[in-house]
Participant: 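Please find one structure pasted underneath; my questions will follow.
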Amino acid sequence: PIPLMPQAVAHFLTETMFLCGFNQWRSQMTNSLDIALSVALDLGLPVFPCMETLNEKGKVSKRPYTRNGFKDACREEVQIRKWWGQHPNALIGVPTGEQSGIFVIDIDQSDVKDGEASFHALGVNDPMTCQTKTVSGGRHIIFKYPDGYNLKNTTSGPLGNHIDTRGNGGYIIWAGSKTCLGNYQYR
C-alpha cells in the first residue's frame with residue numbers, strides 16, 4: 001500500500017471525488033434516527049451511535065456508545081433503530097477507511113487553529129465533494145477511499161498544521177448530529 005504524501009494531494013483531491021448529491025434530502029431530516037437510517041440505507045455507509053461530553057476546556061468530546069466503537073458500525077435497520085431507541089439524541093458516527101469506503105480530510109479551525117490557511121497553502125482548489133462544517137468551525141472533506149492506499153489517521157500530519165486525516169481506524173460525526181454547542185452541518 002502507498003502512503004498519502006503531500007506531493008500526491010493535488011492528484012488525490014482531483015481523482016477521488018465522492019458524494020455530491022445530498023441537497024435533495026439533507027434539509028428534510030432533523031431527527032437523529034431518521035438521519036442515521038438515511039446515511040445507512042440511502043448512502044450505504046455504516047453508522048453507530050456516539051455520545052458527547054464537555055471536557056474541562058468546554059470542548060465537545062465524542063465517544064461511541066457501543067462497546068467496540070466504530071467496529072460495531074452497521075447498515076442494518078433493526079440494529080440502528082435499537083441503538084437510537086436507547087440513545088435518541090446520539091450523534092451519528094461513521095467509520096472511515098476501507099470499512100466504509102470513505103477517507104476524510106479534517107480541517108481544524110478555531111481562535112487558536114487555522115487549518116484553512118494550511119489547506120490553502122497546499123495549492124489545491126476547494127474540492128467539489130461532500131463537505132460538512134464541524135461544531136468548532138472546521139470542516140470534513142469526504143472522499144471515496146482510494147484503491148491501492150493504506151490511509152490511516154493523522155494529526156497535524158503531512159498535509160499541514162491543523163489538518164488531520166481519518167482513514168483506517170477512524171471515524172467522523174456525520175452532518176445532522178446535534179451537540180450542546182451547535183450542530184454538524186453540510187457545507
Participant: Is it the case that more than 12 heavy atoms not belonging to D111 sit under 6.0 Å from its CG atom?
Facilitator: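 Incorrect, the count does not exceed 12.
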Participant: Shortest non-hydrogen contact from R75 to A40?
Facilitator: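 Nearest heavy atoms, R75 then A40: CA-CB, 3.9 Å.
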Participant: How many angstroms lie between CD in E76 and CG in L41, if you round to the nearest 0.5 Å?
Facilitator: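 Going from the CD atom of E76 to the CG atom of L41 covers 10.5 Å.
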Participant: Can you confirm whether I163 sits close enough to F119 that some side-chain heavy atom of one is under 4.5 Å from a side-chain heavy atom of the other?
Facilitator: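 I163 reaches F119 side chain to side chain.
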Participant: Heavy atoms, side chains only, cut-off 4.5 Å: are I141 and T129 in contact?
Facilitator: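 A side-chain contact under 4.5 Å exists here.
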Participant: In the structure I gave you, are the side-chain heavy atoms of P146 and L151 within less than 4.5 Å of one another anywhere?
Facilitator: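 Side chain of P146 against side chain of L151, heavy atoms only: contact under 4.5 Å found.
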Participant: Contact between Y186 and C130 at the side-chain level, heavy atoms closer than 4.5 Å - yes or no?
Facilitator: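 With C-beta onward as the side chain, the pair touches.
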Participant: Between L159 and S118, does a side-chain contact (heavy atoms from CB on, under 4.5 Å) hold up when you go through it step by step?
Facilitator: CA-CA 8 Å; L159 299 183; S118 296; over 6 Å; no
Participant: Indicate yes or no: at least one non-hydrogen side-chain atom of L91 is less than 4.5 angstrom from one of K62.
Facilitator: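 The answer is yes; the side chains approach within 4.5 Å.
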Participant: Examine the side chains of T154 and T165 and answer whether a donor and an acceptor come within less than 3.5 Å of each other.
Facilitator: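 Indeed, the side chains of T154 and T165 share at least one donor-acceptor pair under 3.5 Å.
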Participant: Testing the basics here: between W174 and V94, what is the closest heavy-atom pair and its distance to 0.1 Å?
Facilitator: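 Reported closest heavy-atom pair: CE3-CG2, 3.7 Å.
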Participant: Show the nearest heavy-atom pair for residues N168 and Y145, with the distance to one decimal.
Facilitator: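 For N168 and Y145, the tightest heavy-atom pair comes out as ND2-OH, 3.1 Å.
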Participant: Looking at OG of S38 and CG of N31, how far apart are the two atoms once the value is rounded to the nearest 0.5 Å?
Facilitator: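 It is 11.5 Å, given to the nearest 0.5 Å.
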Participant: Do L45 and Y65 sit in one hydrophobic cluster, given that two such residues count as connected whenever their side-chain heavy atoms are within less than 4.5 Å of each other, even indirectly?
Facilitator: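 Different hydrophobic clusters.
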Participant: Would you name the heavy atoms of F103 and G167 that are closest together and state the gap between them?
Facilitator: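 Scanning both residues completely, I find the closest heavy atoms to be CD1-CA, 4.0 Å.
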Participant: Within the structure provided, determine whether E52 and N89 are in side-chain contact (heavy-atom separation under 4.5 Å).
Facilitator: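 No. Closest side-chain heavy atoms not under 4.5 Å.
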Participant: As an exercise, state the distance from OG1 of T66 to NZ of K71, rounded to the nearest 0.5 Å.
Facilitator: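 So the OG1 of T66 and the NZ of K71 are separated by 11.0 Å.
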Participant: Would you check if E77 and L37 make a side-chain contact, meaning some heavy-atom pair closer than 4.5 Å?
Facilitator: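 The answer is yes; the side chains approach within 4.5 Å.
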Participant: S32 and W84: which non-hydrogen atoms are nearest, and at how many Å?
Facilitator: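 Heavy-atom minimum between the residues: CB-NE1, 3.7 Å.
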Participant: Apply side-chain contact (heavy atoms from CB on, under 4.5 Å) to residues L54 and C180 and explain how you reach the verdict.
Facilitator: CA-CA 9 Å; L54 280 178; C180 61; 4.0 Å; yes
Participant: Would you please test D126 and R139 for salt bridge (charged side-chain N to carboxylate O under 4.0 Å, His left out) and show each step?
Facilitator: CA-CA 12 Å; D126 196 19; R139 64 179 163 143; 2.6 Å; yes
Participant: Using the rule that two of Ile, Leu, Val, Met, Phe, Trp, Tyr join whenever any of their side-chain heavy atoms come within less than 4.5 Å, decide whether M51 and Y171 are in one cluster.
Facilitator: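 No; tracing contacts between hydrophobic side chains, which count when under 4.5 Å, never links both residues.
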Participant: For D147, does the CG atom sit with more than 12 other heavy atoms under 6.0 Å from it, leaving out its own atoms?
Facilitator: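 Count not over threshold, so no.
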Participant: Which pair of heavy atoms, one from D72 and one from R67, lies closest together, and at what distance?
Facilitator: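 Closest pair (atom of D72, atom of R67, distance): OD2-N, 3.6 Å.
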Participant: Applying side-chain contact (heavy atoms from CB on, under 4.5 Å), run through C74 and F48 and close with a yes or a no.
Facilitator: CA-CA 7 Å; C74 74; F48 63 101; over 6 Å; no
Participant: Heavy atoms, side chains only, cut-off 4.5 Å: are Y184 and V135 in contact?
Facilitator: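 Side chain of Y184 against side chain of V135, heavy atoms only: contact under 4.5 Å found.
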Participant: Would Y149 and I105 show up in the same hydrophobic cluster when neighbours are defined by side-chain heavy atoms closer than 4.5 Å?
Facilitator: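 Looking at the clustering, I105 is in the same group as Y149.
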Participant: For the pair S156 and D164, evaluate side-chain contact (heavy atoms from CB on, under 4.5 Å) and give the outcome as yes or no after the intermediate values.
Facilitator: CA-CA 5 Å; S156 283; D164 306 333; 4.3 Å; yes
